[in-house]
Amino acid sequence: MMRLNCMLLSSVMTLAIAGATFAGDRLTVTSWGGAYTKSQEEAFFKPFAKETGTKVLQDEWDGSTAKLKGMVETGQVTWDVVDVEPSHALQGCDEGWLETIDYSKLGGKDAFIDGAAMDCAVATIVFGTIYAYDAAKFPNGGPTTMADLFDTAKFPGPRALRKSPKTTLEFALIADGVKPAEVYDVLGTPEGVDRAFKKLDTIKKDVKVWWTAGAQPPQLLADGEVVMTTAWNGRIYDAVKNSGKNFKIVWDGQGMDFNLWAEPKGSKNKELADKFVAFTVNPDVMAQQSKYISYGPTLKAAIAKVPADILVDLPTAPENTKTAFVVSSEFWADHDEELTERFNKWLAQ
């Protein structure tokens with residue numbers, strides 16, 4: 001039955017992009033650059049161009065909404081599809097500068113994992129905020145749970161944590177015994193916030209570095225400055241695969257987050273943009289991106305198509321999601337300012 005459903009979903013996606021060839025047409029897709037955009041180029045841009053005859057142009061942005069909003073407000077939209085974060089998707093929907101996604105053309109919202117199908121953006125990849133450690137520092141066995149990150153008696157040595165309340169507070173609560181599925185119920189109360197900071201108090205003196213850039217965690221481990229650190233899974237995977245580092249990821253309590261396709265209102269190529277998004281949200285196509293970067297697909301049917309030797313290192317591998325939570329963009333949209341203020345004051349104490 002699952003195979004039949006996957007075949008039907010794949011057929012829906014194929015039909016969504018079938019029809020007229022768009023030879024000579026151009027589509028501008030804006031993303032973040034680096035290895036991530038390279039993975040999109042190999043998995044999405046080149047195959048779409050080959051299938052439709054479309055010339056796919058690339059641009060980059062830094063996540064600042066000013067340029068994107070300005071394009072829409074002035075009617076000078078030059079980006080057709082933009083890779084965004086959940087906060088952009090929420091803001092763009094609320095303020096009206098992103099198109100609403102028609103999921104009836106994408107197999108329905110239920111085809112995606114929880115949190116991936118937002119009203120004004122559709123997620124294509126999942127990345128995980130995890131913690132990792134230098135295996136050489138723990139020859140008798142390393143940490144395995146989120147609680148171990150906070151257990152400096154059993155696993156001594158300096159830590160590094162992200163200089164942000166986002167995921168840091170969630171990790172603290174999970175380490176203190178809160179079930180991942182209930183973390184926002186708890187964090188949404190004053191008592192829950194107090195509990196998270198109280199748990200952070202227990203390792204504050206052991207946090208040598210509060211990192212602010214994704215490149216820092218693997219470098220801190222490599223330099224021996226810390227024995228374990230929170231990080232984005234792709235950075236640790238890259239250090240292991242391409243630099244031969246003996247780092248291990250602990251998936252327990254990972255925070256799953258997304259990057260998503262969105263379409264600015266006012267694009268002159270909306271029909272083509274819709275076809276591009278539908279093309280990428282095809283299980284067979286989406287499953288290809290994980291060959292180039294260690295991020296997981298958002299379509300349930302695509303996860304099943306990732307080779308087992310690749311899937312094991314992805315945030316969406318069944319084994320890696322048993323105790324995961326989806327980072328709530330809604331929660332952080334509502335509470336980011338107040339919790340960041342408290343977090344910064346706590347750091348300064």
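Only a predicted model underlies this, so the values are computations on that prediction, with no experimental measurement involved. Quick note: numbers below take in every heavy atom, side chains included, and nothing from hydrogens, waters or symmetry partners.
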Relative to the ring of [Y], is the ring of [X] parallel (under 30°), tilted (30 to 60°) or perpendicular (over 60°)?
X      : Y      : answer
Tyr184 : Phe331 : tilted
Trp232 : Trp211 : perpendicular
Trp61  : His88  : tilted

For the residue pair [X] and [Y], establish whether any side-chain heavy-atom pair is separated by less than 4.5 Å.
X      : Y      : result
Ile203 : Thr152 : yes
Ile113 : Thr316 : yes
Asn259 : Trp32  : yes
Ile130 : Ile236 : yes
Thr28  : Trp79  : yes
Leu311 : Pro318 : yes
Phe150 : Leu200 : yes
Tyr295 : Asn233 : yes

Can any side-chain N or O of [X] pair as donor or acceptor with the backbone N or O of [Y] at less than 3.5 Å?
X      : Y      : result
Asp223 : Glu225 : no
Gln254 : Pro315 : yes
Ser39  : Ile293 : no
Arg195 : Val186 : no
Thr202 : Lys199 : yes
Thr230 : Arg162 : yes
Thr321 : Ala324 : no
Thr54  : Val56  : no
Asn269 : Leu272 : no
Asn320 : Val312 : yes

Between [atom1] of [X] and [atom2] of [Y], what distance do you get to the nearest 0.5 Å?
X      : Y      : atom1 : atom2 : value
Ile249 : Arg235 : CD1   : CZ    : 13.0 Å
Trp97  : Thr65  : CH2   : OG1   : 5.5 Å
Ser290 : Leu314 : OG    : CG    : 4.5 Å
Leu173 : Thr168 : CG    : OG1   : 11.5 Å
Asp274 : Asp102 : CG    : CG    : 8.0 Å
Ile174 : Thr323 : CD1   : OG1   : 7.5 Å

Stepwise side-chain hydrogen bond (donor to acceptor under 3.5 Å, both in side chains) test for Asp83 and Tyr36:
CA-CA 11 Å; Asp83 191 289; Tyr36 177 52; 2.6 Å; yes
For the student: nearest non-hydrogen atoms of [X] and [Y], plus distance:
X      : Y      : value
Phe258 : Val126 : CE2-CG2, 3.7 Å
Pro297 : Val306 : CG-CG2, 3.8 Å
Gly96  : Lys265 : O-CD, 3.2 Å
Met286 : Val281 : CE-CA, 4.2 Å
Asp252 : Thr144 : CB-O, 3.6 Å
Ala302 : Pro283 : CB-O, 3.6 Å

Please check if atom [atom1] in [X] has more than 12 non-hydrogen atoms from other residues, nucleotides or ligands closer than 6.0 Å.
X      : atom1 : value
Asn242 : CG    : yes
Asp309 : CG    : yes
Lys204 : NZ    : yes
Lys270 : NZ    : yes
Lys163 : NZ    : no

Do [X] and [Y] sit in the same hydrophobic cluster, where Ile, Leu, Val, Met, Phe, Trp and Tyr count as joined when their side-chain heavy atoms come under 4.5 Å apart?
X      : Y      : result
Leu98  : Leu27  : no
Phe171 : Val193 : yes
Met256 : Val122 : no
Phe127 : Met146 : no
Val226 : Phe138 : no

Phe279: which of Phe45, Phe48, Phe44, Trp261 passes ring-ring contact (aromatic ring centres under 6.0 Å, His included)
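The single option meeting the ring-ring contact (aromatic ring centres under 6.0 Å, His included) with Phe279 is Phe48.
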I'd like to know if [X] pairs up with [Y] as an ion pair, taking the criterion as any Lys NZ or Arg NE/NH1/NH2 lying under 4.0 Å from an Asp or Glu carboxylate oxygen.
X      : Y      : answer
Glu42  : Lys46  : yes
Glu341 : Lys345 : yes
Asp257 : Lys166 : yes
Lys268 : Asp25  : no

Should Tyr292 and Glu41 be marked as a side chain to side chain contact (heavy atoms under 4.5 Å, CB included) after you check the CA-CA gap, both sets of side-chain angles, and the distance that decides it?
CA-CA 10 Å; Tyr292 306 102; Glu41 183 178 343; over 6 Å; no
Please test Phe343 against Leu339 for side chain to side chain contact (heavy atoms under 4.5 Å, CB included), starting from the C-alpha separation and ending with a verdict.
CA-CA 6 Å; Phe343 182 78; Leu339 290 179; 5.9 Å; no
Decide whether Thr212 and Gln216 meet the rule of one side-chain donor and one side-chain acceptor closer than 3.5 Å.
yes
For Asp148 and Thr145, what are the C-alpha separation, side-chain angles and deciding distance, and is it a side chain to side chain contact (heavy atoms under 4.5 Å, CB included)?
CA-CA 5 Å; Asp148 290 339; Thr145 68; 3.3 Å; yes
For Ser329 and Met118, what are the C-alpha separation, side-chain angles and deciding distance, and is it a side chain to side chain contact (heavy atoms under 4.5 Å, CB included)?
CA-CA 10 Å; Ser329 52; Met118 299 184 71; 3.8 Å; yes
